[in-house]
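Taking it in order: structure first as structure tokens, then the write-up.
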Amino acid sequence: MSRVFNFSAGPAALPESVLRQAADEMLEWNGAGCGVMEMSHRGAAFTSIVEAAEQDLRDLLAVPKDYRVLFLQGGATQQFAQIPMNLLDGGKASYVVTGAWSRKAVKEAERMASAIGGRIELAVSTEAHGFRRFAAADEISLRGDEAYLHVCTNETIHGIECFDFPALAAHGVPVVADMSSHILSRPFDLRDFGLIYAGAQKNIGPSGLTVVIVRESLLGRAWAGIPQMLDYKVMADNGSMLNTPPTYGIYIAGLVFRWLKEQGGLAAMEARNKAKASALYDFIDGNDFYRNEIDPASRSRMNVPFRLREDSLDKAFLADAEAAGLAQLKGHKSVGGMRASIYNAMPLEGVQALMQYMDDFARRHG
Ligand code: PMP
């Protein structure tokens, strides 16, 4: 077996020890007589799995008691519609656009608002500046009667991260955040948010599972025509099990949460993620063959886009990288260039191997 260093933006690398444990438990989980995929979601064995997963996630994120943890389906993309369906309540919501994902979120919210009533406003868009930084605090001005303020706190494609959550909360309206590509990468105060959500396939587990954490007081204001499956309150009242949940995804997520605790929790992950990202950005800044054009204060610790001196070398760079065991470095097609996604499961050695390779490639082609 030869596992590569996998820089995929998602579905992304998982901790090897998690995959090994899942392999060990594939045929039989903990004396249950069957594997996790084969057990009833309402039986004692799976109930213990989902309860432990939720508790570990609550411990990691220090989730306050009045916040509900939901294990849903449909990906972060479904949340783009589900959020206005649940929270708009005929009023208006404000959106911050700082990259491709928040732009998609606002488009879907506009579609929903025109169907169910309510209004979507643009708080600010940084698109005219080429999506090179997160929005500055003073660029967002709200009236205070908005149902919520939506942000994407890590733009996976553009490599832009928000580091000042209290500034978002200071507007005094519930902040709703797409944290798909950096949830669990560092500690933060959940009280700064009314709702956070994340597709699982980067820092949590397999795709098909979506985690939503929502303040209880925001439940119960859904659009009257909302499908039951999409109503946060219905899902919260039913322990995320109105129907059969994505059981295997929840199980793997639970193993990842346990692994994160063993690593020392989110403060330890933050230290490691900082070390990995600053090594890579320092390398890129110090080598004229490569460049990253994101404002240093907004550079994502999870997704590091970069370009070579000449785009014509991209193909050779990717082919040689694959041959060196460094996989999935191609940037998103909408922006081109390269992107190294270095989520929690990417070890420092992977980043070091990448920098070594980049250095060699630059010497050969510089
Ligand atoms: N938001 C962000 C920040 C993402 O990175 C992604 C996926 N790359 C999505 C939303 C969409 O997620 P999903 O595929 O789970 O719908």
Side-chain angles (χ1 to χ4, degrees), residues 6-14 70-85 95-112 125-127 131 133-135 148-163 165 168 175-186 188 193 195-213 229-230 240 245-246 248-250 252-253 256 273 277 294 298-305 328-335 338-346:
N6 176 6
F7 295 92
S8 170
L14 284 166
L70 306 178
F71 293 125
L72 307 179
Q73 304 190 51
T77 303
Q78 181 157 293
Q79 293 308 311
F80 296 166
Q82 207 167 333
I83 287 160
M85 278 185 187
Y95 277 66
V96 173
V97 173
T98 50
W101 289 111
S102 49
R103 192 173 52 192
K104 281 197 188 209
V106 74
K107 286 217 170 93
E108 185 71 347
E110 283 164 352
R111 271 171 36 82
M112 287 315 308
S125 167
T126 58
E127 188 160 12
F131 289 143
R133 57 175 176 79
F134 194 76
Y148 62 90
L149 170 70
H150 182 280
V151 292
C152 174
T153 46
N154 191 69
E155 291 280 3
T156 321
I157 293 175
H158 290 86
I160 293 164
E161 186 163 359
C162 169
F163 293 99
F165 294 167
L168 297 172
V175 180
V176 171
D178 178 355
M179 295 197 171
S180 294
S181 48
H182 75 158
I183 191 168
L184 297 169
S185 66
R186 59 183 153 103
F188 65 93
F193 297 91
L195 183 151
I196 66 167
Y197 64 101
Q201 63 272 20
K202 298 137 193 329
N203 257 345
I204 296 175
S207 60
L209 169 67
T210 312
V211 172
V212 169
I213 304 179
M229 277 296 292
L230 302 184
S240 303
Y248 200 73
I250 292 170
I252 297 287
V256 171
N273 289 326
I294 304 305
S298 297
R299 283 173 162 180
S300 169
R301 289 185 193 140
M302 297 283 105
N303 309 97
V304 181
Q328 310 208 47
L329 284 163
K330 195 174 194 307
H332 192 270
K333 58 184 185 302
S334 62
V335 293
M338 305 298 149
R339 172 177 50 174
S341 294
I342 50 174
Y343 299 119
N344 284 339
M346 174 60 64

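Just so you know, ligand 1 is whichever comes first in the structure, and atom 1 is the first atom listed for that ligand.
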**Prompt:** At their closest point, which heavy atom of L230 faces which heavy atom of Q78, and how far apart are they?
**Reply:** CD2-NE2, 3.1 Å
**Item:** Value rounded to 0.5 Å, distance of CZ in R133 from SG in C162
**Value:** 12.5 Å
**Prompt:** Does ligand 1 have any atom that is closer than 4.0 Å to a heavy atom of Q201?
**Reply:** yes
**Request:** Identify the protein heavy atom lying closest to atom 8 (N) of ligand 1, giving its residue, its atom name and the separation to 0.1 Å.
**Result:** K202 NZ, 2.9 Å
**Message:** As a test of understanding, state which of M338, R339, K330, M346 forms a side chain to side chain contact (heavy atoms under 4.5 Å, CB included) with F7.
**Reply:** M346
**Closest non-hydrogen atom pair between G199 and A76, with its separation** = N-CB, 4.0 Å
**Complete:** Between the CE atom in M179 and the CD1 atom in I213, the distance rounded to the nearest 0.5 Å is 9.0 Å
**Prompt:** Can an N or O of C152 be found at a distance shorter than 3.5 Å from an N or O of ligand 1?
**Reply:** no
**Request:** Can you measure from OG (S185) to CD1 (I342) and round to the nearest 0.5 angstrom?
**Result:** 10.5 Å
**Which segment of Y197 sits under 4.0 Å of ligand 1 when only heavy atoms are counted** = neither
**Request:** Run the contact test for T210 against ligand 1 with a 4.0 Å cut-off on heavy atoms, strictly below, and give the result.
**Result:** no
**Request:** Report yes if some N/O of T77 lies less than 3.5 Å from some N/O of ligand 1; otherwise report no.
**Result:** yes
**Request:** Number the atoms of ligand 1 from 1 as they appear, then name those within less than 4.0 Å of a heavy atom of F80, with their elements.
**Result:** 10 (C)
**Request:** Please report which non-hydrogen protein atom sits nearest to atom 3 (C) of ligand 1, along with the residue it belongs to and the distance in Å to one decimal place.
**Result:** T156 OG1, 3.2 Å
**Request:** With heavy atoms only and a cut-off of under 4.0 Å, state how D178 meets ligand 1: side chain, backbone, both or neither.
**Result:** side chain
**Request:** Quick one: do H182 and N273 satisfy side-chain contact (heavy atoms from CB on, under 4.5 Å)? Show the steps, please.
**Result:** CA-CA 10 Å; H182 75 158; N273 289 326; over 6 Å; no
**Under-4.0 Å heavy-atom contact with ligand 1, by part of S180 that carries it** = side chain
**Fill in**
Note: N154, heavy atoms under 4.0 Å from ligand 1, region reported as backbone
**Item:** For G75, atoms of ligand 1 separated by under 4.0 Å from a heavy atom
**Value:** 15 (O), 16 (O)
**Prompt:** Between Y95 and H150, what is the ring plane arrangement, given parallel below 30°, perpendicular above 60°, and tilted in between?
**Reply:** parallel
**Message:** The test is salt bridge (charged side-chain N to carboxylate O under 4.0 Å, His left out); show your working for E108 and R111 and say whether it passes.
**Reply:** CA-CA 5 Å; E108 185 71 347; R111 271 171 36 82; 2.9 Å; yes
**Request:** Please write down residue, atom name and distance for the protein heavy atom closest to atom 12 (O) of ligand 1.
**Result:** A76 CB, 3.5 Å
